[in-house]
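What follows is a single structure, written as structure tokens, with notes after it.
Numbers here are sequence positions counted from 1.
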Amino acid sequence: MADLADEFIAINNQIVDYAHSLGLKVWTHNCRGNYESRSAAGGTYEAIAEKFLKDQHYDRFFLEWDSETSGDISALSSLKDKDAEVVLGLLSSKTTDLDNEERVYELLEKASQILPKERLYLSHQCGFASCDSGNELAIHQQWKKIEQCQKIANQFWNN
């Protein structure tokens, strides 16, 4: 299995390096699943951090830490020696309730102790309509979640 992962990473890096030679930036989203408000993948980032984060040549990673199933945010340390940016999907687009802001601020603070704040961004873990039927949220609930994200980001990055 490790050989297959190494082959996959080598192919990705060839493509990313070619894109870089053209002057392009290349981003990747590690989706943990979001079909009709349900997750499709489990496991922590620690298990894949070295290969997925450290060994790949992406310029920006979209990672999902909207629940405890993603593990500890310390997996970001695999990116310390890179210039890659990270979009932290700390908020959920699957649930109707607003997210626990204390948890989000805590994770942002931990992340900023690992990587510089200017390389970090905040988002929801995935889109609100990742499939044709969307998630189980009403439009007004989606807007409330977007407003919450903007409020948290403004507070965190403007202090």
Solution key, residues 19-26 side-chain donor-acceptor pairs under 3.5 Å, sequence neighbours excluded:
residue: His20; atom: NE2; partner: Asp59; partner atom: OD1; Å: 3.1
residue: His20; atom: NE2; partner: Asp59; partner atom: OD2; Å: 2.7
residue: Ser21; atom: OG; partner: Tyr18; partner atom: O; Å: 2.5

Note to self: Measuring only between side-chain heavy atoms, which start at C-beta, is Gln142 closer than 4.5 Å to Ser93?
What the structure shows: no
Check: Can you check side chain to side chain contact (heavy atoms under 4.5 Å, CB included) on Gln125 and Trp65, steps first, answer last?
Finding: CA-CA 7 Å; Gln125 103 292 345; Trp65 265 286; over 6 Å; no
Notebook entry, point to check: Does Asn13 use its side chain to pair, donor to acceptor, with the backbone of Asp55 at less than 3.5 Å?
Noted result: yes
Next item on the list: Can you see which heavy atom on Glu50 is nearest to which on Ser78, and at what distance?
Entry: OE2-OG, 3.4 Å
Checklist line | Glu106 (side chain) donor-acceptor with Glu102 (main chain) under 3.5 angstrom | finding: no
Check: When rounded to the nearest 0.5 angstrom, what distance separates CH2 in Trp143 from CD in Gln150?
Finding: 8.0 Å
Next item on the list: Output, in order, the C-alpha distance, side-chain angles, deciding distance and verdict of side chain to side chain contact (heavy atoms under 4.5 Å, CB included) for Asp17 and His57.
Entry: CA-CA 7 Å; Asp17 293 345; His57 300 171; 2.7 Å; yes
Next item on the list: Going by the side-chain contact (heavy atoms from CB on, under 4.5 Å) test, name the single residue among Leu79, Leu76, Val87, Leu88 that passes it with Phe61.
Entry: Leu79
Next item on the list: Check for a donor-acceptor pair, side chain of Lys145 on one end and backbone N or O of Ser92 on the other, with a separation under 3.5 Å.
Entry: yes
Check: Would the number of heavy atoms belonging to other residues, nucleotides or ligands and lying under 6.0 Å from CD of Glu118 be above 12?
Finding: yes
Check: Would you say Leu120 and Ser112 make side-chain contact, with heavy atoms under 4.5 Å?
Finding: yes
Checklist line | Linked, directly or transitively: Ile15 and Phe52 (ILVMFWY side chains, under 4.5 Å) | finding: no
Check: Below 4.5 Å, heavy atoms only, C-beta onward: do Ile152 and Trp157 meet side chain to side chain?
Finding: no
Margin query: One pair to check against side chain to side chain donor-acceptor pair (under 3.5 Å): Asp72 and Ser74. What are the steps and the verdict?
Written below: CA-CA 5 Å; Asp72 193 281; Ser74 65; 2.9 Å; yes
Note to self: Does any part of the side chain of Val86, heavy atoms only, come nearer than 4.5 Å to the side chain of Arg60, both counted from C-beta?
What the structure shows: no
Next item on the list: Calculate, to the nearest 0.5 Å, the distance between atoms CG and CD belonging to Leu122 and Gln155 respectively.
Entry: 12.5 Å
Checklist line | Pair Lys54 + Asp81: basic N to acidic O under 4.0 Å | finding: no
Note to self: Contact between Lys51 and Phe8 at the side-chain level, heavy atoms closer than 4.5 Å - yes or no?
What the structure shows: no
Item checked: pair Glu101-Lys151: side-chain heavy atoms closer than 4.5 Å -> yes
Item checked: His29 and Glu64, any side-chain heavy atoms less than 4.5 Å apart -> yes
Note to self: Treating Lys82 as the side-chain partner and Leu53 as the backbone partner, does any N or O pair qualify as donor plus acceptor under 3.5 Å?
What the structure shows: yes
Margin query: Is there a continuous path of hydrophobic side-chain contacts, each under 4.5 Å between heavy atoms, that joins Ile139 to Ile146?
Written below: yes
Next item on the list: Check Asp99, Leu63, Leu108 against Leu90 for a side-chain contact (heavy atoms from CB on, under 4.5 Å) and give me the one that passes.
Entry: Leu108
Notebook entry, point to check: Under 6.0 Å between the ring centres of Phe62 and Tyr121?
Noted result: no
Note to self: As an exercise, state the distance from NE2 of His124 to CG of Leu91, rounded to the nearest 0.5 Å.
What the structure shows: 4.5 Å
Item checked: Least distance between heavy atoms, Ser123 atom then Cys149 atom -> CA-SG, 4.1 Å
Check: Tell me, do Leu98 and Lys144 make a side-chain contact under 4.5 Å, heavy atoms counted?
Finding: yes
Notebook entry, point to check: Going hydrophobic residue to hydrophobic residue with side-chain gaps under 4.5 angstrom, can you get from Ile9 over to Tyr58?
Noted result: no
